[in-house]
Amino acid sequence: MAFLHQRQQQQHSPLHSLSKSSSSFYTQQRSVLSRTGLILLLSLVVILGTLSPWIGVRTSLFSSTGGSRLRWSDYTLAQALETVARNGTVIVCAVSQPYLPFLNNWLISISRQKHQDKVLVIAEDYATLYKVNKKWPGHAVLIPPAPDLQTTHRFGSQGFFNFTSRRPRHLLQILDLGYQVMYNDVDMVWLGDPFPFLKGNYDVYFTDDMTAVKPLNHSNSLPPPGKKGRTYICSCMIFLRPTFGAKLVLRKWIEELEIQPWSRTKKTNDQPAFNWALNKTADQVKLYLLPQYAFPTGGLYFKNETWRKETEGKHVIIHNNYITGFDKKIKRFHDYGLWLVDKYSQESPLSDIKR
């Protein structure tokens with residue numbers, strides 16, 4: 001019995017040793033895993049700490065819960081461009097609340113060309129900022145300071161000058177952030193895709209505002225100056241690349257606006273200053289005049305029926321200018337089948353947005 005008892009003890013001893021060894025091994029493993037887990041946890045905390053401010057901004061801005069107005073007022077141009085731009089390109093317009101129907105009409109036409117996702121509305125009042133972002137989150141931004149007057153501005157008025165003179169500053173900020181930008185006034189309608197016409201690597205692309213008919217194969221160079229010593233290029237449809245040349249034009253435009261401010265005796269607007277800027281920098285900048293048949297001024301498209309019929313099917317963007325007055329512009333669009341919001345508002349990202 002003593003022998004058997006000793007034998008059992010001898011047989012138990014190796015198992016006991018193995019158990020102790022295994023226990024020690026698992027203890028070491030748990031220790032290693034604990035250290036690894038702790039390192040991973042700390043790393044996660046650091047990563048979340050870095051990203052949480054932006055995540056917080058994105059969550060708060062795009063949330064539809066209470067306080068959204070306060071959040072959109074903090075939405076920056078840099079954030080808006082990151083949200084909206086596609087392949088480094090953005091389409092912008094500047095709008096105040098009275099022009100929301102025109103914005104909607106313009107957006108319907110852009111949606112038909114599948115470019116609406118890259119549209120950024122620069123709101124010139126807080127009502128527009130909140131209304132657009134409520135319907136279409138992230139697609140409107142207000143660049144402070146907002147203009148004081150938020151009413152419809154008649155062409156030639158001081159309010160109109162104040163409104164349009166902010167344009168080159170907005171565009172320069174976008175270029176400085178590294179994006180290429182197409183600017184449109186919202187009294188325009190797209191009948192085709194303008195981007196295939198932006199050929200080459202020019203700094204600034206623009207359209208002529210003169211009504212004289214040009215040959216279909218006219219020069220793409222800056223036209224010669226007119227009677228006032230400058231050209232008559234439209235400042236309402238511009239495409240700019242983020243180049244030194246384009247920024248030079250915008251800075252010169254801003255400078256010319258400061259030299260020639262609005263006054264009761266000289267009721268100017270931003271377009272003469274834009275033309276002076278082009279003329280004075282032409283030898284330093286690569287400029288490109290877009291074809292008239294595709295980008296006609298309103299004075300040609302709406303007033304020259306013969307030309308319109310001869311070039312039918314070639315038109316890309318129609319500008320409803322050479323007419324003043326909110327109601328008159330709407331009626332003209334109606335008359336030519338270009339007022340789209342009455343029948344096709346569902347095609348706009350803003351749906352049936354009202355003033």
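Of all heavy-atom pairs between Leu240 and Ala246, the closest is CD2-CB, 4.1 Å. Contact record, Met188 with Cys236: CE-O, 3.2 Å, taken as the closest heavy-atom pair. Here the shortest heavy-atom pairing between Ile254 and Pro168 reads CG1-CB, 3.8 Å. Ser351 approaches Asn104 most closely through the heavy-atom pair O-ND2, 2.6 Å.
Asp342 and His334 form a side-chain donor-acceptor contact under 3.5 Å, judged by distance and modelled atom types alone.
Side chains of Val186 and Val121 form no contact here, defined as non-hydrogen atoms less than 4.5 Å apart. You'll find the side chain of Asn184 reaches within 4.5 Å of the side chain of Ile317, heavy atoms only. The shortest side-chain heavy-atom distance between Ile353 and Trp136 does not fall under the 4.5 Å cut-off.
Taking the six-membered ring for Trp and thresholds of 30 and 60 degrees, Phe102 and Phe326 have ring planes more than 60 degrees apart, a perpendicular arrangement. Taking the six-membered ring for Trp and thresholds of 30 and 60 degrees, Tyr301 and Tyr336 have ring planes inclined between 30 and 60 degrees apart.
Asp283 is linked by a salt bridge (charged side-chain N to carboxylate O under 4.0 Å, His left out) to nothing, counting only residues two or more places apart in sequence or in another chain. Partners of Arg251 according to the side chain to side chain donor-acceptor pair (under 3.5 Å) rule, which considers only residues two or more places apart in sequence or in another chain, do not exist here. Evaluation of the salt bridge (charged side-chain N to carboxylate O under 4.0 Å, His left out) rule for Asp117 yields no partner, not counting sequence neighbours. Taking the side chain to side chain contact (heavy atoms under 4.5 Å, CB included) definition, one finds that Glu305 meets it with Arg308, Lys309, sequence neighbours left out. In this structure Ala212 satisfies the side chain to side chain contact (heavy atoms under 4.5 Å, CB included) test with no other residue, sequence neighbours excluded. Checked against side chain to side chain donor-acceptor pair (under 3.5 Å), Lys286 has no partners two or more places apart in sequence or in another chain. With sequence neighbours left out, Arg112 forms a salt bridge (charged side-chain N to carboxylate O under 4.0 Å, His left out) with Glu347. The salt bridge (charged side-chain N to carboxylate O under 4.0 Å, His left out) test applied to Asp208 returns Lys214, not counting sequence neighbours. Every residue two or more places apart in sequence or in another chain that forms a ring pair (Phe, Tyr, Trp, His ring centres under 6.0 Å) with Phe195 is listed here: His115.
A salt bridge links Lys135 with Asp352: at least one charged nitrogen is closer than 4.0 Å to a carboxylate oxygen. Taking a cutoff of 4.0 Å between a charged side-chain nitrogen and a carboxylate oxygen, Asp327 and Lys331 do not qualify as a salt bridge.
Residue pairs that meet the ring-ring contact (aromatic ring centres under 6.0 Å, His included) test with at least one member in residues 200-236, sequence neighbours left out, are Tyr202-Tyr205, Tyr202-Tyr288, Tyr205-Phe239, Tyr205-Tyr288. Pairs of residues two or more places apart, or lying in two chains, that qualify as side chain to side chain donor-acceptor pair (under 3.5 Å) and include a residue from residues 273-282 are Thr231-Asn275, Thr231-Asn279, Glu256-Lys280. The salt bridge (Lys or Arg N to Asp or Glu O under 4.0 Å) contacts involving residues 179-201 comprise Arg167-Asp185, Asp187-Lys329, where partners must be two or more places apart or lie in separate chains.
At most 12 heavy atoms of other shown residues, nucleotides or ligands fall within 6.0 angstrom of atom NZ in Lys134.
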Go through the steps for Trp307 and His315 under the test ring pair (Phe, Tyr, Trp, His ring centres under 6.0 Å), then give the verdict. CA-CA 11 Å; Trp307 179 88; His315 312 134; 5.4 Å; yes
Evaluate the criterion side chain to side chain contact (heavy atoms under 4.5 Å, CB included) for residue pair Leu191 and Ser109; output intermediate values, then yes/no. CA-CA 7 Å; Leu191 299 181; Ser109 72; over 6 Å; no
Could you go step by step and tell me if Val92 and Leu171 meet the side chain to side chain contact (heavy atoms under 4.5 Å, CB included) rule? CA-CA 9 Å; Val92 303; Leu171 296 175; 4.0 Å; yes
Side chain to side chain contact (heavy atoms under 4.5 Å, CB included), that's the test. Do Val141 and Val84 meet it? Break it down for me. CA-CA 11 Å; Val141 67; Val84 170; over 6 Å; no
Set out, in order, the CA-CA distance, both residues' side-chain angles and the distance that settles side chain to side chain contact (heavy atoms under 4.5 Å, CB included) for Lys247 and Asp176, then state yes or no. CA-CA 8 Å; Lys247 294 176 186 180; Asp176 282 341; 3.4 Å; yes
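Remark: Gln292 CD to Thr311 OG1 distance equals 8.5 Å, nearest 0.5 Å. Here CG of Leu222 is found 5.5 Å from CD1 of Ile233. Values are rounded to the nearest 0.5 Å. One finds the OG1 atom of Thr128 at 12.5 Å from the CD1 atom of Ile122 (value rounded to the nearest 0.5 Å).
Without hydrogens or angle criteria, Arg166 side chain to Ile143 main chain gives a donor-acceptor distance under 3.5 Å. A donor-acceptor pair is defined here as one N or O able to donate and one able to accept, closer than 3.5 Å; such a pair exists between the side chain of Asn220 and the backbone of Leu289. The main-chain N or O of Leu300 is never found under 3.5 Å from a side-chain atom of Thr297 such that the two would form a donor-acceptor pair.
Under a hydrophobic clustering in which Ile, Leu, Val, Met, Phe, Trp and Tyr are joined whenever their side-chain heavy atoms come within less than 4.5 Å, directly or via other members, Leu248 and Leu250 fall into the same cluster.
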